[in-house]
J.: 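Questions regarding the structure given below will be posed in turn.
In each ligand, atom 1 is the first atom listed, and ligand 1 is the first ligand listed. Just so we're clear, the structure is a prediction, and the values are computed from it rather than from any experiment.
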Amino acid sequence: MHGRDGERGDAFRCVGCRLDIPVAAPGTAHRNHCPHCLASLHLDARVPGDRAAGCRGRMTPLGLSARPDGEWLIIHRCLSCDGLSANRIAGDDNPLSLIRLATRPLTGTDLPVRTLLGL
Ligand SMILES: [Zn+2]
Ligand SMILES: [Zn+2]
C-alpha cells in the first residue's frame with residue numbers, strides 16, 4: 001500500500017505548509033490535521049481514520065468548537081467538495097494557530113455548523 005504525495009504509514013506531508021507530520025499524536029489515535037497550520041486532507045468519511053472519503057481535497061480549518069464533554073474540535077471544510085468534518089485537536093497542535101482559529105468569528109457563512117455540532 002503506497003499512498004501518493006509521499007504518504008507513508010507513519011507520516012504525511014502537510015498540504016498547507018509541506019512539513020512532514022508524524023501520524024502519532026498525543027491525545028488522539030488518528031492525527032488528521034497539521035499541528036502547525038491545522039490544514040487537513042479530506043480522507044475520512046464518517047469515522048476518523050476510516051480513509052473512506054476518496055476525495056483527497058484540501059481541508060482548511062473554519063473554526064473551533066467544544067463538545068459538551070469539554071473536548072475541543074476543529075471544524076474543517078473541504079475546498080474540493082465543501083464537505084465538513086469535526087476533528088479533535090491533538091496535544092501538540094500549535095496553540096497560536098488554535099487561538100487564531102478560536103477568535104475568528106464564524107460570520108458571513110451559511111455553513112451548518114450547529115448541525116455538525118450535534119453529532
Ligand atoms: Zn501544515
Ligand atoms: Zn472533499
J.: Backbone N or O of Asn32 within a donor-acceptor pair of the Ser40 side chain at under 3.5 Å?
T.: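 Looks like yes, one N/O pair under 3.5 Å.
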J.: Could you tell me the angle subtended at the Zn ion (ligand 2) by SG of Cys55 and SG of Cys78, rounded to 10°?
T.: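 SG of Cys55 and SG of Cys78 make an angle of 110° at the Zn ion (ligand 2), to the nearest 10°.
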J.: Relative to the Zn ion (ligand 2), which of the N, O or S atoms in His42 is the closest?
T.: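 It is ND1, the N, O or S atom of His42 closest to the Zn ion (ligand 2).
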J.: Do you see an N/O/S atom of Cys14, backbone or side chain, under 2.8 Å from the Zn ion (ligand 1)?
T.: yes
J.: Which angle, to 10 degrees, forms at the Zn ion (ligand 1) with SG of Cys34 on one side and SG of Cys17 on the other?
T.: 110°
J.: Show your reasoning for whether side-chain contact (heavy atoms from CB on, under 4.5 Å) applies to Arg88 and Glu71.
T.: CA-CA 7 Å; Arg88 287 163 55 182; Glu71 190 159 66; 3.0 Å; yes
J.: For the side chain of His33 and the backbone of Ile89, is there at least one donor-acceptor N/O pair under 3.5 Å apart?
T.: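 It does not hold such a pair.
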J.: In Å, rounded to the nearest 0.5 Å, how long is the span from CZ of Arg18 to SG of Cys34?
T.: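 Answer rounded to 0.5 Å: 11.0 Å.
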